[in-house]
Amino acid sequence: MIDLKEVEKFFLEAAAQTYAVGAPQTTITDLPKSKVLRYERGDWLYVDCYFSANGKSFGQTTIWFQGQPVWGMQYHGYWDDSDKRIIPFLIRHDYSGMALI
């Protein structure tokens, strides 16, 4: 069985190596204007696919272990570009309420 602490550790590592540092994004051809962040280490894979326009954003993050999805979340919201506190807050957010799927 997978330890939730290991999933959380990998999630935070992946976020720190992708979103938090402005890593290059790809897109999914069948999902126009999608933005995809991918991070892989050993048996672990993190994929965050999201869309944003007009101050709104929504997406899905999934974590796989040995080819099996073990954790996922969907999110949506809006932001105001004039408030420069938003992105730093999201980068530092506490994700300790995680649960396995």
Requested in this report: Could you grab the distance from atom CD of Glu13 to atom CD of Glu6, nearest 0.5 Å is fine?
Outcome: 10.0 Å
**Report entry** Close side-chain approach of Val7 to Phe65, heavy-atom, < 4.5 Å
**Finding:** no
**Report entry** Between CG on residue Asp43 and CD on residue Gln68, distance to nearest 0.5 Å
**Finding:** 11.5 Å
**Report entry** Any residue meeting ring pair (Phe, Tyr, Trp, His ring centres under 6.0 Å) with Phe10, in chain and number order, not counting sequence neighbours
**Finding:** Tyr39, Trp44
Report summary line: In terms of heavy-atom contacts, Phe51 and Pro32 come closest through CE2-O, 3.6 Å
Requested in this report: Measure across Ile28 and Cys49 and return the closest heavy-atom pair with its distance rounded to 0.1 Å.
Outcome: CD1-SG, 4.0 Å
Query - ring pair (Phe, Tyr, Trp, His ring centres under 6.0 Å) partners for Tyr75, two or more places apart - result: none
Query raised in the report: Atom CG of Leu4 and atom CZ of Phe11: how far apart are they, to the nearest 0.5 Å?
Result: 12.0 Å
Query raised in the report: Does the side chain of Arg38 reach to within under 4.5 Å of the side chain of Leu45, using non-hydrogen atoms?
Result: yes
Requested in this report: First locate atom CG of Leu37, then atom OG1 of Thr26, and finally report the distance between them rounded to the nearest 0.5 Å.
Outcome: 7.5 Å
Query raised in the report: Among the clusters formed by ILVMFWY side chains lying less than 4.5 Å apart, do Val36 and Tyr19 turn up in the same one?
Result: no
Query - Over all atoms of both residues, closest heavy-atom pair of Tyr50 and Ser57 - result: CD1-OG, 4.0 Å
Query raised in the report: Less than 4.5 Å apart, any side-chain heavy atom of Trp71 and any of Ile2?
Result: no
Query raised in the report: Any donor-acceptor pair under 3.5 Å linking the side chain of Ser34 with the backbone of Thr27?
Result: no
Query raised in the report: Closest approach of Lys35 and Ser52, non-hydrogen atoms and distance?
Result: NZ-OG, 2.9 Å
Query raised in the report: Less than 4.5 Å apart, any side-chain heavy atom of Asn54 and any of Tyr78?
Result: no
